[in-house]
Amino acid sequence: PRRPLARRVTAVKACVHELLAAVRRDDPDGVRRELDLGASPDAEKGLGIFPETAVELAAGRDDVGLDVLALLLERSGRWIDRSLAYAARKGRLDKVDMLLASGRRADDVDENGYTALTYAAGDVDLIDRLVEAGAPLRTPTKYGETLVGTLLWNGSREAVRRVVAIGGAPLSLGWTALHTAVVMDDADGIRRHAGDRLREVPSCGTWTPGSVAVAMDHAHLLDLVDDPDEWMETALFADARHSLAELLRRGASVSEAPIPSVRSVETFDLLVAAGADPASRDEFESDGLVEDVSIEVLERFLAAGLDP
């Protein structure tokens, strides 16, 4: 027969399972009941590399309301977790505010050097709130990534302008006044800081002034780019359609743009018109569709004959 302690442990585990189920249903009464039965909102449960707590689950789901999150936070005794990052990734400013009020810190850094700000998905209001709460703007991750670089790569152009404007330019990594002038599309600044040395300005990691122009979709600044082929992938990932069209006009090969990384229907159509074959199996042996591909883009691939 099981010992009483073992039975209690089993019962608590069952409560945690039911608590997570109640969170997924957005059921405040069910959440309260399981908490009263002893389920911990901080207990991790689930499969995969990152099992979730009930707090993290509630923070990261759009279909779970503030009432449920508030109930969990009342019983939570943990202030360092992934909940703030999950809420930021969903762009939920209301949940971010609630989590910050509960004691979560905007300057907490995970094992890879990421903060909630890294996951803010280009939401300017959310970026401002996290920075106000103490999130670091210029700290690189374990992999050398910067906030500005991440936002550029994701095509979050308004957020890039905001972060640079409030002091987030990674100066220690070689960011220059020319980079800033390109971000802001400041023609006078570009002339003043570049002169005749447009292509000799130090890069910020892999971000040269030319690649910044590509990612910011400033097609009229692509004289900063020497080799059109080199920046096709940047234009694609940043969904910079004007830059992509200009690079193609300047002779870039469509094969330099991995079409599985397409993020919008307009970019898909542009590449297909330029000769890309979205149904080519070779394209998908090295690159899968991007994680956040839209239904509309997926429908385009299926209509073109892609066999998933």
Side-chain angles (χ1 to χ4, degrees), residues 44 48-53 55-62 69 78-175 179-180 183 203-207 211-212 214-216 233-234 236-240 261 263 290-293:
E44 293 185 341
I49 299 175
F50 297 119
E52 291 180 321
T53 68
V55 172
E56 290 169 341
L57 181 63
R61 287 184 64 127
D62 279 329
L69 182 58
R78 182 175 176 178
W79 293 277
I80 299 177
D81 59 16
R82 295 180 293 272
S83 59
L84 196 59
Y86 288 179
R89 184 172 61 191
K90 289 294 185 179
R92 291 294 300 266
L93 183 58
D94 51 355
K95 289 185 176 181
V96 165
D97 280 334
M98 184 176 284
L99 289 161
L100 289 170
S102 78
R104 269 71 179 175
R105 293 175 58 91
D107 59 352
D108 281 337
V109 178
D110 69 15
E111 64 275 9
N112 293 315
Y114 296 117
T115 69
L117 196 55
T118 314
Y119 297 96
D123 185 314
V124 173
D125 291 335
L126 191 52
I127 288 170
D128 284 344
R129 180 68 183 94
L130 290 168
V131 171
E132 177 189 339
L137 277 169
R138 293 181 294 274
T139 304
T141 69
K142 173 182 175 181
Y143 307 104
E145 300 160 309
T146 64
L147 177 61
V148 168
T150 299
L151 293 171
L152 282 167
W153 193 246
N154 290 334
S156 303
R157 288 175 271 279
E158 183 182 359
V160 172
R161 284 188 285 270
R162 179 61 181 157
V163 168
V164 170
I166 61 177
L171 302 177
S172 64
L173 297 180
W175 187 276
H179 286 85
T180 297
V183 166
S203 66
C204 171
T206 58
W207 290 103
S211 63
V212 171
V214 170
M216 291 299 294
E233 187 174 12
T234 298
L236 190 58
F237 271 98
D239 199 33
S261 302
R263 297 178 183 273
V290 290
E291 181 180 349
D292 56 351
V293 64

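Note that the coordinates shown come from a computational prediction; the quantities given were computed from them, not determined experimentally.
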Is R104 reaching over with its side chain to a backbone N or O of R78, donor-acceptor style, under 3.5 angstrom? yes
Heavy-atom donor-acceptor pair, D123 side chain to D125 backbone, under 3.5 Å: yes
In Å and rounded to the nearest 0.5 Å, what is the OG1 to CG distance from T115 to L130? 7.5 Å
Can you find a pair of side-chain heavy atoms, one from Y86 and one from V96, that are under 4.5 Å apart? no
H179 side chain to L171 backbone, donor-acceptor under 3.5 Å: no
Heavy atoms, side chains only, cut-off 4.5 Å: are L99 and V55 in contact? yes
Heavy-atom count around I166 CD1 within 6.0 Å, excluding the residue itself: above 12? yes
Quick one: does S156's side chain have a donor or acceptor within less than 3.5 Å of a partner on A159's backbone? no
Hey, does the side chain of R157 reach the backbone of L152 with a donor-acceptor pair shorter than 3.5 angstrom? no
In short, A133 meets L100 closest at the heavy-atom pair CB-CD1, 3.9 Å
Between A88 and A116 the two heavy atoms that sit nearest each other are CB-O, 3.5 Å
Mind checking what makes salt bridge (Lys or Arg N to Asp or Glu O under 4.0 Å) contact with R61, not counting sequence neighbours? D63
Keeping E56 on the side-chain end and R82 on the backbone end, is there a donor-acceptor pair under 3.5 Å? yes
M98 CE to D94 CG distance, which is reported to the nearest 0.5 Å: 7.5 Å
Look only at the side chain of T118 and the backbone of Y114, and say whether a donor-acceptor pair between them is shorter than 3.5 Å. no
I need the minimum non-hydrogen distance between M216 and V183, along with the two atoms involved. CE-O, 3.6 Å
Please evaluate residues L147 and R138 with respect to the criterion side-chain contact (heavy atoms from CB on, under 4.5 Å), reporting the C-alpha separation (whole Å), side-chain torsions for both, the decisive distance (0.1 Å), and the verdict. CA-CA 7 Å; L147 177 61; R138 293 181 294 274; over 6 Å; no
Is a donor on one side and an acceptor on the other found under 3.5 Å between the side chain of K95 and the backbone of A58? yes
R105 atom CZ, neighbour heavy-atom count above 12 within 6.0 Å: no
How long is the gap from CG on L84 to CZ on R89, to the nearest 0.5 Å? 12.0 Å
Answer yes or no: is there a side-chain heavy-atom contact under 4.5 Å between D108 and I80? yes
R263 side chain reached by N154 side chain, heavy atoms, under 4.5 Å: yes
Would you find a donor on one side and an acceptor on the other, under 3.5 Å apart, between the side chain of T139 and the backbone of P136? no
Between W79 and S102, is any side-chain donor less than 3.5 angstrom from a side-chain acceptor? no
Nearest atoms (heavy-atom pairs only) where A240 meets A215: CB-O, 4.1 Å
Close side-chain approach of V164 to W175, heavy-atom, < 4.5 Å: yes
Parallel, tilted or perpendicular: which one describes the rings of W153 and F237, with boundaries at 30° and 60°? parallel
Over all atoms of both residues, closest heavy-atom pair of A135 and L117: CB-CD2, 3.9 Å
Atom CD1 in I127, atom CG in L151: separation rounded to 0.5 Å? 5.5 Å
